[in-house]
Amino acid sequence: MRKLLLAGAWVAMIAIGLTFLKPLRQTRPPDFMPFYFAGKLAASGQIAQIYHRPAYQPLIAELRATGERMHPLDAHYFIRPAFQAYFYIPFTLFSYPAASRLAIGVNLVLLAVLIWKLPAWFPVPVAVRPWMAGFMPFLWSIGIGQDTLLLTLLIAYSLHLAGKGHDLQAGLLLGLTVYKPHLVWLLPLALLASGRRKMVGCFLAVASSLAALSFAAVGRAGVREYLELVQRPSSDHLPETMGNVRALGLQWGATAGVAAALLAVACFGIVLLKGSWHARTAAALFTALLLSPHTYWQDYSLAALAALLLGHSVGLYLLLLPWPYFYPRGDMVPWTLLALGFLITAAAGPFAARWWRHPAPACSPTS
């Protein structure tokens, strides 16, 4: 019966995944275009112009001449740290349609590796694998051409190495994740609280080197242009639908947003003081998702890793089961509340364990 249920879960999740990704047969992943353009600029020695909007016009015109459809929100511009553009140079060896298909293929391979390795690296049952195959943030990342699957894999393998005592290698690998700094900025605090100073030092060495490389590539003018780009509407699309406390504030009022932020910070602080190594890293990921000013569907790929680290079976399946496909609204409020719930349980965990080990003494009988 268990094998039949597992086989049924695989069939259901593969069907959901194929249905969800079916539009990719006719369309390109929309978020891949700025990465491709950034690789083009880096390959042609124009890395200093990577945040300069006029530099993109010839590239845009070239694609339009081939009949390629442009993103309706004018989101053609690269807004990541400049060093990441070098990693997209290999894609520029192909035409844009071929490079888009290659990006989809790479993401599918990364999804397969995550499904295979995450249950092996962390103490969770292998029965979660089919549900990971249909996990919406994973498939969303593939569908729009994002790179959060790679981010999830890098963080997961880094933590796996750290668990084996390889702090030097783990820190160096974790430093590569700063191409999305708003999702990893709290991890050094979790590492310090766990006594992983060597890992923090390696992380900061790699992160600062990449930051210096990015600054040297674009200069002060490039930094100013970058700040202008991130303030454009295309970089802040539908903030009320995001999976963070900012969205809660926009939907439910400022008081709700502030209260959720304070609760997240308080729970994170408790976990840093009282939690285990896995609980601290998981809380760092959940808190970053909640406090980040931009948290989209693909960013919640990290929530799967964080939930695995906590090892709460009920919460894990609440996160992984395919209910979001049937959620009638387009916002991420349920994901925000789930992230808060995970943080609360992580903060309460050490106290609950202590109460369980040391129950209150029974009342003495009256004379």
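Hydrogens, waters and symmetry mates are skipped; everything else that's a heavy atom, side chains included, is used. The structure displayed is predicted, hence computed values, not measured ones.
Hydrophobic clustering (side-chain heavy atoms under 4.5 Å, transitive across Ile, Leu, Val, Met, Phe, Trp, Tyr) keeps Met242 apart from Leu337. Tyr296 and Leu238 are assigned to two separate hydrophobic clusters, defined by single-linkage of ILVMFWY side chains at heavy-atom distances under 4.5 Å. Under the 4.5 Å side-chain contact rule for hydrophobic residues, Leu93 and Val106 share a cluster. Linking Ile, Leu, Val, Met, Phe, Trp and Tyr residues whenever their side-chain heavy atoms come within less than 4.5 Å places Leu110 and Leu108 in a single cluster. Both Leu321 and Leu308 sit in one connected hydrophobic cluster of ILVMFWY residues. Membership requires side-chain heavy atoms under 4.5 Å apart, directly or through other members.
Between Phe122 and Trp277, the gap from one ring centroid to the other reaches at least 6.0 Å. The ring of Tyr56 has its center closer than 6.0 angstrom to the ring center of Tyr77. Ring-centre distance between Trp323 and Trp335: below the 6.0 Å cut-off. Between Phe91 and Phe32, the ring centre distance stays below 6.0 Å. In summary, the aromatic rings of Phe83 and Tyr179 are positioned with their centroids too far apart to meet the 6.0 Å limit.
In this structure, Met136 and Pro324 have side chains that are in contact, with non-hydrogen atoms separated by less than 4.5 Å. By the 4.5 Å heavy-atom criterion applied to side chains, Leu149 and Leu114 are counted as neighbours. When side chains are defined from C-beta on, Met33 counts as touching Leu63, because their heavy atoms get closer than 4.5 Å. Between Leu285 and Leu183, the closest side-chain pair of non-hydrogen atoms is not below 4.5 Å. Under the 4.5 Å side-chain criterion, counting only non-hydrogen atoms from C-beta, Glu62 is not in contact with Pro58. Taking the side chain as every heavy atom from C-beta outward, Leu6 and Pro130 approach each other to under 4.5 Å. Looking at Met13 and Pro322, their side chains come closer than 4.5 Å, going by heavy atoms from C-beta outward. Between Ile47 and Tyr86, the closest side-chain pair of non-hydrogen atoms falls below 4.5 Å.
In this structure a side-chain-to-backbone donor-acceptor pair under 3.5 Å is present from Arg280 to Ala193. In terms of modelled atom types and a separation under 3.5 Å, the side chain of Ser292 and the main chain of His294 share a donor-acceptor contact. A side-chain donor-acceptor contact under 3.5 Å links Gln57 to the backbone of Arg53. In this structure a side-chain-to-backbone donor-acceptor pair under 3.5 Å is missing from Thr241 to Asp331. Put simply, the side chain of Thr281 gets close to the backbone of His278: a donor and an acceptor are under 3.5 Å apart. The backbone N or O of Gly134 sits less than 3.5 Å from a side-chain atom of Tyr325, completing a donor-acceptor pair. Ser209 places a side-chain N or O within donor-acceptor distance of the main-chain N or O of Ala205, the cut-off being under 3.5 Å. Here the side chain of Tyr51 pairs a donor or acceptor atom with the backbone of Ala82 at under 3.5 angstrom. Remark: side-chain polar atoms of Asn107 are paired, donor with acceptor, to backbone N or O of Gln146 under 3.5 angstrom.
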Apply side chain to side chain contact (heavy atoms under 4.5 Å, CB included) to the pair Asn244 and Leu291, showing each step before the final yes or no. CA-CA 6 Å; Asn244 51 23; Leu291 299 185; over 6 Å; no
Do Glu68 and Thr66 pass the side-chain hydrogen bond (donor to acceptor under 3.5 Å, both in side chains) test, and can you show the C-alpha distance, the side-chain angles, and the key distance before you say yes or no? CA-CA 6 Å; Glu68 195 69 42; Thr66 65; 4.6 Å; no
With side chain to side chain contact (heavy atoms under 4.5 Å, CB included) as the test, would you mind laying out the steps for Leu187 and Val200 before giving the verdict? CA-CA 9 Å; Leu187 281 175; Val200 173; over 6 Å; no
Starting from the C-alpha separation in whole Å, work towards a yes-or-no answer on side chain to side chain contact (heavy atoms under 4.5 Å, CB included) for Ile50 and Tyr226. CA-CA 9 Å; Ile50 203 165; Tyr226 167 78; over 6 Å; no
Lys180 vs Asp299, test: salt bridge (Lys or Arg N to Asp or Glu O under 4.0 Å). Steps then yes/no. CA-CA 10 Å; Lys180 295 200 83 168; Asp299 298 324; 2.6 Å; yes
Using the side-chain hydrogen bond (donor to acceptor under 3.5 Å, both in side chains) rule, take Tyr88 and Asp147 through it: C-alpha gap first, then chi angles, then the decisive distance, then the call. CA-CA 11 Å; Tyr88 282 95; Asp147 47 18; 3.0 Å; yes
Show your reasoning for whether side chain to side chain contact (heavy atoms under 4.5 Å, CB included) applies to Leu338 and Leu318. CA-CA 8 Å; Leu338 264 176; Leu318 270 178; 4.2 Å; yes
From CA spacing to verdict: side-chain hydrogen bond (donor to acceptor under 3.5 Å, both in side chains), Thr148, Ser141: CA-CA 6 Å; Thr148 42; Ser141 186; 2.8 Å; yes
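Closest of all the heavy-atom pairs between Leu272 and Leu189 is CD2-O, 3.9 Å. Across every non-hydrogen atom of Trp185 and Ala288, the tightest pair is NE1-CB, 3.8 Å. The heavy-atom pair separating Ala304 from Leu320 by the smallest distance is CB-CD2, 4.3 Å. Closest of all the heavy-atom pairs between Ile89 and Gly39 is CG1-O, 3.8 Å. Residues Val245 and Thr336 share a closest heavy-atom pair of N-CG2, 4.5 Å. Residues Gly143 and Leu24 come closest through the heavy atom pair O-CD2, 3.4 Å.
Between the OG1 atom in Thr27 and the CD1 atom in Ile144 there is a gap of 12.0 Å [rounded to 0.5 Å]. Going from atom OH of Tyr96 over to atom NZ of Lys40 covers 12.0 Å, rounded to the nearest 0.5 Å. Separation of atoms CZ (Phe203) and CG (Leu176) is listed at 10.0 Å; rounding is to 0.5 Å. Remark: Ile79 CD1 to Gln231 CD distance equals 11.5 Å, nearest 0.5 Å. Separation of atoms CZ (Arg197) and CG (Leu192) is listed at 7.0 Å; rounding is to 0.5 Å. In this structure, CG in Asp31 is found 10.0 Å from CH2 in Trp140, a value given to the nearest 0.5 Å.
Under a cut-off of 6.0 angstrom, the local environment of OH in Tyr157 is sparse, with at most 12 non-hydrogen atoms contributed by other residues, nucleotides or ligands.
Taking the centre and axis of the six-membered ring of Trp10, the NZ or CZ atom of Arg129 falls outside the cone set by 45° and 6.0 Å.
Under the 30°/60° scheme for interplanar angles, the aromatic rings of Phe78 and Phe35 are found to stand perpendicular.
Pairs engaging residues 246-268 under the side chain to side chain donor-acceptor pair (under 3.5 Å) rule: Asp236-Arg246, Gln251-Arg329 [sequence neighbours left out].
Shown here are the side-chain contact (heavy atoms from CB on, under 4.5 Å) partners of Lys164, two or more places apart in sequence or in another chain: His160, His166.
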